[in-house]
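Heads up, the thing below is written out as structure tokens.
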Amino acid sequence: MPEVRTRFAPSPTGHLHVGGARTALFNYLFARHHGGSFVLRIEDTDRERSSDESVQAIMSGLDWLGVVADEGPYYQSKRAELYDKAVAELLGGGHAYWCVCSQEKLAATREAAQASGKKAMYDRSCRGAGHEPALDGPAVLRLASPESGETTIDDLVRGPVTFDNSELDDLVLLRSDGSPTFHLVVVVDDLDMGITHVLRGEDHLTNTPRQAQIFRSLGQEPPRYGHLPLIVGADRSRLSKRHGATSLDAYREMGILPGAMANYLARLGWSHGDQEIFSRAELSGLFDVEGVGKAAAAFDLEKLRWVNQQHIKATPPAELAAAVLPFLGAGEADDSSRLELVVELLAERAVTLVGLAEGAHCFLSDDLSWDRKAVARFLDEEGLARLAALAQQLELLADWDESNVEAAFAAALVDLDVKLGKLAQPARVALTGSKASPGIYEVCVVLGRERTLARLQRVAGELASGDLPLAAPAG
RNA sequence: GGCCCCUUCGUCUAGUGGUCCAGGACGUCGGCCUCUCACGCCGAAAACACGGGUUCGAGUCCCGUAGGGGUCACCA
């Protein structure tokens with residue numbers, strides 16, 4: 001049994017799309033599961049559209065997702081000799097020929113065919129004509145593919161899929177400028193790199209028999225293919241911008257943990273019984289083509305958010321603190337042990353890192369604004385009077401810990417003769433600026449004695465003078 | 001339009017002929033918990049596209065129909 005070798009071969013013409021990211025992930029996981037290798041290859045044969053920025057964007061996206069290549073990246077633009085060799089072999093074996101038909105003529109033929117409702121295929125008029133680019137001017141090289149019979153792909157996820165060879169025309173291998181096309185390079189590279197399994201989007205399914213023919217013309221057998229169901233939007237058409245964010249970066253920016261993204265993407269088209277939450281190690285261990293489904297899957301942001309929440313809860317505070325760092329304001333991350341405390345307190349109720357950072361703000365900075373409506377509702381005269389009573393009790397505390405803070409609240413409640421809610425809400429609004437937060441005792445403890453007392457004082461003072469910064473709550 | 005693929009709750013899916021009057025999860029709705037918001041817990045509504053076969057028995061196998069998607073470049 002030869003080593004399993006998979007690859008991800010993006011064309012660098014933009015950002016890393018969630019569909020591409022999932023394809024990469026599946027190939028990576030498949031290789032991991034089988035103890036094989038995962039190769040990264042940049043398909044930059046379209047020199048017009050390829051860019052270095054895109055290569056960087058794709059690599060950083062994969063890096064973030066945790067999809068690491070065992071080999072590569074290889075660049076097709078740097079492997080020309082290999083393609084030349086294959087062309088010579090194809091030409092020598094009579095499996096390819098030069099075609100001098102102009103693009104205009106081809107386009108016209110195509111349109112005519114389409115208009116009359118017939119199939120738009122190249123008519124093979126140059127086949128057997130013996131054209132030579134040196135003699136006859138600009139020419140493309142075409143594969144002389146079989147005109148009859150059929151080609152069957154034994155797909156890893158769909159089983160055997162058969163195409164009639166008469167449906168497949170002679171595809172272009174070399175452009176008239178001499179550069180190789182996708183179909184040629186993909187075959188030559190998969191061969192050269194010893195790729196054994198190709199997992200790719202279902203949109204490639206109809207390319208597969210043609211590529212298989214190139215392999216056979218080269219005297220080789222194609223690798224095993226598995227065509228993955230497409231990721232679609234809510235309207236079930238291929239995922240695109242109008243369905244929401246399609247770039248992996250967008251999810252990073254909205255505070256999705258990479259492990260959660262990988263988990264969610266894996267579950268889009270793959271499953272393992274009823275399990276929803278997977279660690280990286282579990283994915284690597286459990287992923288296989290048997291669990292891959294056939295039907296297109298709709299991308300559901302709400303579920304991604306839930307998965308993210310589960311991962312946030314399961315992430316150790318130190319790690320979570322590091323992950324939230326990019327979302328914090330200047331100066332908010334200066335005290336890392338304090339940050340860990342805050343993060344631990346908020347992890348239970350955070351859905352995204354962005355939300356976590358927002359919740360952490362009132363603990364890490366004094367530059368905050370108070371929710372206008374909450375202030376109006378809870379910090380009226382009565383509320384402020386209760387807070388004064390609370391402050392009195394808190395001042396007396398020798399040790400600032402949760403049970404003492406709770407006792408101080410209890411003492412104030414007795415003085416005031418009210419229920420906890422009547423005191424906790426004003427305190428919450430005063431201390432955090434919002435009417436939603438962790439338990440009020442924990443808030444006091446994590447805020448610390450100095451800050452708690454100072455903030456109570458500040459709110460009372462600035463509210464009276466009208467200096468308290470007010471704003472509608474974010475989000 | 002030709003070819004190819006697909007079809008279980010709104011969504012992601014379990015299900016490989018009988019244990020399925022179809023299970024889990026997100027979401028939704030109701031309730032409990034409660035200092036707020038979450039978390040958690042309990043409960044509810046919600047699906048085998050349709051029609052024929054095969055079989056003692058079909059969500060599971062076969063054939064059709066319908067619907068959806070993909071693809072038909074000197075893009076990948």
Side-chain angles (χ1 to χ4, degrees), chain A residues 9-13 43-46 48-50 99 101-103 106-107 110 113-122 138-142 153 155 157-158 161-164 166-169 171-177 179 181-183 185-186 201-209 227 229-230 232 234-238 264 267-277 290-291 293-307 309 313 346-351 355 359 374 378 409 419-429 432 434-441 443:
Chain A
S11 61
T13 55
E43 308 220 320
D44 54 354
T45 54
D46 184 343
E48 298 281 294
R49 303 198 305 160
S50 299
C99 166
C101 297
S102 71
Q103 290 191 58
L106 293 175
R110 198 158 45 231
Q114 225 137 36
S116 64
K118 289 200 252 176
K119 14 181 188 184
M121 312 187 14
Y122 172 58
V140 299
L141 188 74
R142 286 184 185 272
I153 304 305
D155 194 89
V157 342
R158 284 153 219 282
V161 181
T162 298
F163 296 82
D164 212 346
S166 63
E167 295 291 333
L168 278 16
D169 62 3
L171 45 79
V172 173
L173 265 18
L174 287 183
R175 304 187 181 94
S176 51
D177 68 358
S179 65
T181 63
F182 160 71
H183 294 285
V185 294
V186 89
E202 197 198 333
D203 51 338
H204 282 283
L205 187 53
T206 52
N207 285 329
T208 306
H227 289 91
L230 256 24
V232 298
D235 64 357
R236 308 221 60 95
S237 70
R238 189 178 182 153
Y264 179 71
R267 281 288 286 103
L268 220 44
W270 173 81
S271 63
H272 182 260
D274 284 339
Q275 190 171 347
E276 297 286 353
I277 301 301
E290 281 134 59
K294 298 175 180 181
F299 192 91
D300 180 2
L301 183 59
E302 281 310 310
K303 182 132 184 199
L304 203 209
R305 287 165 55 82
W306 176 80
V307 171
Q309 188 175 12
K313 285 199 284 184
L346 294 166
E348 192 70 18
R349 46 188 32 87
V351 175
F378 295 107
F409 268 78
K419 296 265 199 195
L420 179 55
K422 299 286 187 193
L423 180 58
Q425 277 306 81
R428 185 183 322 282
V429 175
T432 69
S434 117
K435 56 189 177 201
S437 85
I440 194 64
Y441 311 136
V443 167

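Each chain gets a letter, A, B and so on, in the order the sequences are listed, and its residues count up from 1.
Residues A/Thr208 and A/Phe163 have side chains not in contact (no heavy-atom distance under 4.5 Å, counting atoms from C-beta outward).
A/Gly269 comes within 4.0 angstrom of sugar-phosphate atoms only, judged by non-hydrogen atoms across all strands, and of no base. Contact annotation for A/Thr162: backbone-only contact, meaning every heavy-atom pair under 4.0 Å involves sugar-phosphate atoms and none involves a base. Using a 4.0 Å heavy-atom criterion, one finds that A/Lys419 contacts no nucleic acid atom at all. Among the atoms of the strands shown, only primed sugar atoms or phosphate atoms (P, OP1, OP2) are found under 4.0 Å from some heavy atom of A/Phe163.
Using the six-membered ring where Trp is involved, A/Phe299 and A/Tyr264 have ring planes that are perpendicular, over 60° apart on the 30 and 60° scheme.
Taking atom C1' on both nucleotides, B/A47 is separated from B/C41 by 26 Å, rounded to a whole Å.
A donor-acceptor contact under 3.5 angstrom links the side chains of A/Arg175 and A/Ser179, judged on distance only.
Across all strands shown, B/G64 is found opposite B/C50 as a Watson-Crick or G-U wobble partner, with both distances under 3.5 Å.
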Where protein sits on nucleotides 69-76 of chain B, one letter per nucleotide: B base, S sugar-phosphate only, - none, heavy atoms under 4.0 Å
SBSSSBBB

Quick tally for nucleotides 26-35 of chain B: nucleotides whose base has a protein heavy atom under 4.0 Å get B, sugar-phosphate-only ones S, the rest -, giving S--------B

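The shortest distance between the side-chain N/O atoms of A/Ser271 and the OP1/OP2 oxygens of B/A14 is below 4.0 Å.
Checked against B/C4, B/U36, B/U7, the side chain of A/Lys294 finds its nearest nucleotide in B/U7.
Residue A/Glu276 places a side-chain atom within donor-acceptor reach of the base of B/G24, judged by atom type and a 3.5 Å distance cut-off alone.
For CZ of A/Arg142, the number of neighbouring non-hydrogen atoms (other residues, nucleotides, ligands) closer than 6.0 Å is greater than 12.
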